[in-house]
Amino acid sequence: MDFVIGADDLAFRRDMRAWIGATLPSEIATRGRRGFHATRSDVESWTRRLNAKGWAAPAWPEAHGGTNWTPLQRYLFQLELRAAAAPVQDQSAMELVGPVIYTFGDEVQKRVHLPRILNADTFWCQGFSEPNAGSDLASLRTRAVLDGDHYVVNGQKTWTSDAQRADMMFALVRTDAEARPQAGISFLLIDMKSPGVRVRPIYSIDEGHSVNEVFFDDVRVPTENIVGEPNKGWSYAKFLLTNERAMSAETAHTRADLLQLKGFAGEKACEPLFCAKLSKLEVDLMALEFAVLRVLHAEGGAQDAVASVLKLRGAELRQRVAELGVEALGNVGLAVNPDPTGHDATDHPAARPPGPDHAVGWLARSMFRRATTIYGGSNEIQRNIIAKAVLSL
Amino acid sequence: MDFTYSDEQQSLQDSVKRFCEREYSFEKRQALLKTEDGFDRANWATFAELGWLGAAVAEDAGGFGGGPIENAIILEQLARGLSVAPFLSSAVIATQAIAQLASGAQREALLTPLIGGERIAALAHGETAQHAFAPDIETKAAASGGGYRLTGRKTFVLGGQAADLFLVSATTGGGGVSLFAVPAEAKGLERVNYHAVDGRRVSDITLKDVEVPADALIGDEGEAQDAIDYALDYGVIGLCAEAVGAMDAALWITRDYLKTRKQFGVSLNTFQALQHRMADMLVETELARSMLYRGIAALSLDNKRARARGVSAAKAQIGEAGFFVGGQAVQLHGGIGVTEEYIVGHYFKRLALVRGLYGSSDQHLTRFAESAEGQNEEELSPI
Ligand SMILES: Cc1cc2nc3c(=O)[nH]c(=O)nc-3n(C[C@H](O)[C@H](O)[C@H](O)COP(=O)(O)OP(=O)(O)OC[C@H]3O[C@@H](n4cnc5c(N)ncnc54)[C@H](O)[C@@H]3O)c2cc1C
């Protein structure tokens, strides 16, 4: 065992920091630092710069355009990206559907979709949840009926992040109505520009827009857009959800937030009660970070239950750091402070309050992060998984 | 001691409750928030008619002779209705500041239009982000002509957008803090309006050589600090009452939701993990209500330190309890909880505001501890 980072990795980290610093445009970094939902053009332009270096999806196998970096290097790269406030890439594409396609997809799907994902030519959204299928995903009802060489899709998805800007959706659809809930579900790739797809924005309590409802009205999807075998979609979804949970500790993000927060907290950071909270948060983050590193170094990656540990605690820390940021700002933190670029806002954005630039975005962050313990499988569901899978309760 | 409402108090509660049920709907509120004013002035006139705007003002000053209990009753119900009217800032804080400081003709001149609903006032006291609760006052009032000239900057003035009149704290030559009644349209006064997290309007105001006559000074020169502290304590207890209303509403809305929402073939209320969470929320809500009463009791104590200690205890405890209950209400709703379209997130926002406004939990815990120094226990407690 050796828990200390070596000279090579330190050098790698320094190189990455230098490259990011020299490559990330400052206006994109400024928008990133404010923490609103990233714009498509920022994500696009940043992903393309990464892709030109072959770094758009470091975790992918090299054969599909990834890197052969070690888990630690991948983590260090994440740390540097977040510290520099680079825009978060299209996670639905890079971290969710991409791995499903290269693991279970056919050759055509790999050839068509993977390069476009790496170059941010196509943006994706995840169409799993429905109004009556949230935690109980297997009860989903959106159906796809075979009609010649097409599936005809009818139904509704909800809470679909970034559907408003996505080109493609990967959806779970019911292809066999007679089968048991988990069976009879297929994993379908749907072009968002298909006739019959309608997207309605849902504004969230951060007064921003990232989630949507998506309606399907006789949408025709070619049968070649099914991933893997028909009616086996549930197992691909489980694979994907484990991936989602493993990454969702988001420690690199929390670290960056903490750094920002300490930067502006000033004297406040020395007030005993505040200092105690800040330090406790930092200590909790350290523990989680090493848990992440343990998982990254484990053979075969995260198991379901361990992924749940990371998701659960990671989501809580994301919330706590945002709340502490609001607290550190005092009254300024209690004011609605809409995205100054006007991008991420409701149809009726609030007036901009006076205040320092570093205050922008923190309240929105803390409001939106009430969702971190809900999406990707709520914390209650993660506890259920841990109780069953690890504790055999 | 007596923990039941008097007949008058009960009927006050009933009337505010009925009003909110009749006049406030969630849809109306959401639409109202998008308007310039951000609240409904017709309702404000009704508040005046029904006597709510003077509910806590002595009868000899034109009010209805109630006190913090009456205010708490009104604010608890208004918070349930998610009201964004500037009641706390004008009818409670500004009104109490004036009632404490002014006497005679000045009291009459300033209070009557507030109680009658013809005018809205806001206390402009805080100056920096961190110390809105107990700031070092840098705003200055210099003698000028027969009156004063005010210069300075005030931040996060609750209810500032609707205010016709600002009560501005400033230091005068003698060194003490004075309070001035400054009309919103005074030359040299600039106001920037924005939204607090719960949709209420707040303002920053800048005073550049604002000239006011001598009688704009409320009470005696340099003698306003105690009255401001008292008015803010009154406001803090009002906030606590808002929190209790919002917590209670969020709690029961969530209970009902769990009974109807089905996942895994059963309604959510059958999951013991969620039952226990709701039980914790109820524990916090009950203790918050108890602490509100404890805080109201403290507000009536003559010993200033005992008052500060009791009010701060209430704020620190209720602020955190409210944030917990609001946060859990959102959590137990799942996705729908984090949307603007659904009511429960708005209770959470109200509770987030309460926790941070007029002193964070840390600041109140600190004041709680400091106010006990050199005091004996008996002096500090209402019992
Ligand atoms: C901001 C945001 C973005 C999202 N993005 C996407 C997306 O891109 N694509 C997508 O498909 N989905 C997305 N989701 C949906 C998300 O995955 C669901 O909201 C989540 O699975 C919870 O489902 P629900 O909202 O229906 O809540 P419900 O399932 O109704 O749960 C309500 C409450 O009950 C609890 N609960 C439910 N079952 C149990 C149980 N068995 N035991 C104990 N407690 C239980 C939950 O934990 C929660 O507290 C997003 C959600 C949010 C809020």
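This is a predicted model, so every value here is computed, not measured. In what follows, chains carry the letters A, B, and so on, assigned in the order in which the sequence lines appear, proteins first and then strands, with residues in each chain numbered from 1.
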Residues that A:T160 engages under side chain to side chain contact (heavy atoms under 4.5 Å, CB included), provided they are two or more places apart
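For A:T160 the side chain to side chain contact (heavy atoms under 4.5 Å, CB included) partners, ignoring immediate neighbours, are A:C125, A:K157, A:A163, A:M169, A:V214.
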Of the listed residues ([options]), which shares the most heavy-atom pairs with chain B below a 4.5 Å separation?
options: A:G330, A:G355, A:P272; answer: A:G330
options: A:P181, A:P354, A:A351, A:S378; answer: A:P354
options: A:P356, A:S204, A:S366; answer: A:S204

Separation between [atom1] of [X] and [atom2] of [Y], rounded to the nearest 0.5 Å:
X: A:S135; Y: B:R261; atom1: OG; atom2: CZ; value: 7.5 Å
X: B:S360; Y: A:K268; atom1: OG; atom2: NZ; value: 4.5 Å
X: B:Q263; Y: A:S139; atom1: CD; atom2: OG; value: 5.5 Å
X: B:T366; Y: A:F274; atom1: OG1; atom2: CZ; value: 12.5 Å
X: B:K349; Y: A:D206; atom1: NZ; atom2: CG; value: 7.5 Å

Using only non-hydrogen atoms and a strict under-4.5 angstrom cutoff, which residues of residues 332-342 of chain A touch chain B?
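Residues of residues 332-342 of chain A touching chain B at under 4.5 Å: A:V332, A:L334, A:A335, A:V336.
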Quick check for you: among B:V197, B:L33, B:L357, which has the greatest number of heavy-atom pairs under 4.5 Å with chain A?
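The option with the most such pairs is B:V197.
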Run the numbers on A:R200 and B:E341 for salt bridge (Lys or Arg N to Asp or Glu O under 4.0 Å), then give the verdict.
CA-CA 13 Å; A:R200 184 187 79 89; B:E341 297 168 12; 3.1 Å; yes
Please state whether the side chain, the backbone, both or neither of [X] comes within less than 4.5 Å of a heavy atom of chain B.
X: A:A328; value: backbone
X: A:P131; value: backbone
X: A:L363; value: side chain
X: A:L329; value: backbone
X: A:A133; value: backbone

For residues [X] and [Y], determine if any side-chain heavy atom of one lies less than 4.5 Å from a side-chain heavy atom of the other.
X: B:T339; Y: A:W159; answer: yes
X: B:F348; Y: A:I205; answer: yes
X: A:I202; Y: B:E340; answer: no
X: B:V192; Y: A:R352; answer: no

Evaluation steps, side-chain contact (heavy atoms from CB on, under 4.5 Å), between A:E327 and B:D362:
CA-CA 10 Å; A:E327 195 177 327; B:D362 289 359; 3.3 Å; yes
Could you note down all residue pairs passing side-chain hydrogen bond (donor to acceptor under 3.5 Å, both in side chains) where residues 384-393 of chain A supplies at least one of them, sequence neighbours left out?
none
Should we count NZ of B:K259 as having more than 12 external heavy atoms under 6.0 Å?
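Atom NZ in B:K259 is not crowded, with 12 or fewer foreign heavy atoms closer than 6.0 Å.
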All N/O donor-acceptor pairs, side-chain side in residues 326-337 of chain B, below 3.5 Å, sequence neighbours left out:
from	atom 1	to	atom 2	distance (Å)
B:Q328	OE1	B:R277	NH1	2.5
B:Q331	OE1	A:T373	OG1	2.5
B:Q331	NE2	A:T373	O	2.9
B:Q331	NE2	A:E380	OE1	2.9
B:H333	ND1	B:A329	O	2.7
B:H333	NE2	B:Y342	OH	3.0

Contacting region of [X] [heavy-atom separation from chain A under 4.5 Å]:
X: B:D198; value: neither
X: B:A273; value: neither
X: B:R355; value: side chain

